[in-house]
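These numbers come from the heavy atoms of this one structure, side chains and all, not from hydrogens, waters or symmetry mates. Just so it is clear, the model here is predicted, and its values are computed rather than measured.
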Amino acid sequence: MSAPRPEEPFAECCVDPAMMDERAPIDCVIVGGGPAGLTAAIYLARFRRRVVVYDRGGSRAAMIPRSHNHSGYPEGIPGKELLALMAQQARQFGAVLRQGNVTEIVRAGADWLLTAGGEPMVARSVLFATGVDNRYPDIPRDVHDTALNAGKLRYCPICDAFEASGQRIAVVGAESHGVAEALFLRHYTDRVTLHTLVECELHEKDRADLARAGVDWDPRPVLRYAFDDDAVRLHFADGTVTEADTLYPALGSDPNIELIGQLGFRLDGERCVLTDAHQRMGLDGLYAAGDVVAALDQISVAMGHASIAATAIHNDLRNRDGQTPA
């Protein structure tokens with residue numbers, strides 16, 4: 001008998017009617033349904049908390065064709081399958097998963113008033129697990145997704161540089177982030193070339209670091225890309241073409257902080273959220289986990305954040321309710 005297929009992450013499901021009682025404040029609203037949000041939902045549901053997850057879609061984990069460095073899956077696991085299994089597990093313990101975007105948040109006494117789809121809800125605590133969005137090169141979406149699934153386009157050297165070992169790698173993005181990524185990838189192959197999207201000059205130290213590591217630098221802006229069966233082809237304005245086996249865009253990412261921005265929090269230099277060791281943001285009842293937090297952007301880190309945050313939320317609510325020693 002084959003194993004049951006995981007459900008779609010945010011499909012309709014039967015839930016405990018008590019969880020749907022909108023008259024009482026929700027113990028925790030989780031904004032974001034990626035690995036951090038779903039892990040926190042599992043923990044909080046098992047803490048017997050009323051928890052609702054709102055997800056607008058677009059988790060970067062869903063882009064992963066097959067993750068090979070996520071512990072427990074020696075043959076790897078597709079990102080969408082991992083998310084579906086996590087969602088199924090969260091539902092199993094009573095978490096409510098909803099598709100939608102939370103657009104407003106304001107203080108409501110000791111609680112927080114949020115708005116999603118025009119509907120208000122009151123939450124005793126809020127966990128922001130909103131993640132970040134990659135900056136994409138100018139590639140049609142269907143071409144982009146096909147190349148991603150074929151391993152000709154990659155975004156996370158920490159996640160999948162092992163699979164590109166020995167290949168010809170083109171890194172696009174000639175600012176400090178691109179230089180750092182090219183140098184990181186040099187550990188896996190001696191055929192790394194750094195490219196740029198716009199005409200620019202590298203800092204003298206960056207050029208020296210690249211040369212010392214044996215990383216080539218091509219200062220001509222890339223005009224367009226072609227993903228063929230045997231190679232990735234980078235086209236330049238002068239009509240010339242260079243080839244690689246895989247392309248890493250090193251263009252940075254944008255944290256999803258629109259909702260957090262309404263609260264005026266201080267961010268780090270990459271516009272990520274700062275928290276304490278328990279994922280608290282500095283205002284009672286607010287927490288953050290996952291890639292939106294200033295830390296290493298990895299599924300395992302996001303899940304660790306989430307377990308810490310969920311435990312802190314549960315204990316902070318116990319304290320608020322007088323259930324802990326004085």
message: Could you go through Asp316 and Tyr287, starting from their C-alpha distance and side-chain angles, then the distance that decides it, and tell me whether this counts as side chain to side chain donor-acceptor pair (under 3.5 Å)?
response: CA-CA 11 Å; Asp316 288 348; Tyr287 308 77; 2.6 Å; yes

- prompt: Is it the case that Thr240 and Asp238 place a side-chain donor and acceptor less than 3.5 Å from each other?
  reply: yes

message: So Arg207 and Glu201, do their side chains get closer than 4.5 Å, heavy atoms only?
response: yes

query: Should the heavy atoms of other residues, nucleotides or ligands under 6.0 Å from NE2 of His203 be counted, would the total exceed 12?
result: no

Residues Asp160 and Tyr248: side-chain donor-acceptor under 3.5 angstrom: yes

message: Taking atom NE2 as the centre, does His68 end up with more than 12 heavy-atom neighbours from other residues, nucleotides or ligands that are less than 6.0 angstrom away?
response: yes

message: What I'd like to find out is whether the side chain of Trp217 reaches to under 4.5 Å of the side chain of Asp206, using heavy atoms alone.
response: no

- prompt: Does CD in Glu199 sit with more than 12 non-hydrogen atoms of other residues, nucleotides or ligands closer than 6.0 Å?
  reply: no

Salt-bridge criterion met for Arg320 and Asp111 (N-O under 4.0 Å): yes

query: For the residue pair Tyr136 and His144, does the interplanar ring angle fall in the parallel (under 30°), tilted (30 to 60°) or perpendicular (over 60°) class?
result: perpendicular

- request: Report the distance from atom CD1 of Ile64 to atom CD of Glu81, rounding to the nearest 0.5 Å.
  value: 12.5 Å

- request: Compare all side-chain heavy atoms of Val122 with those of Leu114 and state whether any distance is below 4.5 angstrom.
  value: no

message: Tell me whether Asp228 is salt-bridged to Arg233, with the criterion being a basic N under 4.0 Å from an acidic carboxylate O.
response: yes

Intermediate values then yes/no, side chain to side chain donor-acceptor pair (under 3.5 Å), Thr324 and Asn319: CA-CA 5 Å; Thr324 55; Asn319 185 58; 3.0 Å; yes

query: More than 12 heavy atoms of other residues, nucleotides or ligands under 6.0 Å from CZ of Arg191: is that the case?
result: yes

message: To the closest 0.5 Å, what do you measure between CD (Gln262) and CD1 (Ile257)?
response: 11.5 Å

- prompt: Of Arg124, Arg50, Arg48, which is the lone residue that meets salt bridge (charged side-chain N to carboxylate O under 4.0 Å, His left out) with Asp27?
  reply: Arg124

- request: Can you label the angle between the Tyr225 ring and the Phe227 ring as parallel, tilted or perpendicular, going by 30° and 60°?
  value: parallel

field: Flag side-chain contact, heavy atom, 4.5 Å: Val241 against Leu234
entry: no

task: Begin with the C-alpha distance, continue with both residues' side-chain angles, and end with the deciding distance and a verdict on salt bridge (charged side-chain N to carboxylate O under 4.0 Å, His left out) for Asp133 and Arg56.
output: CA-CA 13 Å; Asp133 291 330; Arg56 69 176 187 181; 3.8 Å; yes

- line: To the nearest 0.5 Å, atom CG of Leu251 lies from atom CG of Leu197 at 5.5 Å

- request: Indicate yes or no: at least one non-hydrogen side-chain atom of Leu82 is less than 4.5 angstrom from one of His70.
  value: yes

task: Output yes when a side-chain donor or acceptor of Ser165 lies under 3.5 Å from a complementary backbone atom of Phe162, and no otherwise.
output: yes

- prompt: With a cut-off of 6.0 Å (strictly less than), are more than 12 heavy atoms of other residues, nucleotides or ligands near CG of Asp321?
  reply: yes

Rounded distance (nearest 0.5 Å) linking atom OG1 of Thr115 with atom CD1 of Ile105: 9.5 Å

message: Evaluate Asp291 against Arg60 for salt bridge (charged side-chain N to carboxylate O under 4.0 Å, His left out), listing each step before the verdict.
response: CA-CA 10 Å; Asp291 291 353; Arg60 290 199 299 176; 2.8 Å; yes

- prompt: Without hydrogens or angle criteria, can the side chains of Arg220 and Thr196 be said to hold a donor-acceptor pair below 3.5 Å?
  reply: no

message: For Arg135 and Asp254: C-alpha separation, side-chain torsions, deciding distance, then whether salt bridge (charged side-chain N to carboxylate O under 4.0 Å, His left out) applies.
response: CA-CA 7 Å; Arg135 296 174 189 158; Asp254 296 305; 2.8 Å; yes

Lys/Arg-Asp/Glu bridge criterion (N-O < 4.0 Å) met for Lys205, Asp209: yes

- request: Kindly compute the distance separating CD1 (Ile308) from OG1 (Thr311), expressed to the nearest 0.5 Å.
  value: 8.0 Å

message: Just verifying a value: how many Å separate Leu202 CG and Leu210 CG, rounded to the nearest 0.5 Å?
response: 6.5 Å

- prompt: Is there side-chain contact between Leu38 and Leu83, with at least one heavy-atom pair below 4.5 Å?
  reply: yes

query: Can you name the one residue among Ile313, Val52, Val53 that meets side chain to side chain contact (heavy atoms under 4.5 Å, CB included) with Ile30?
result: Val53

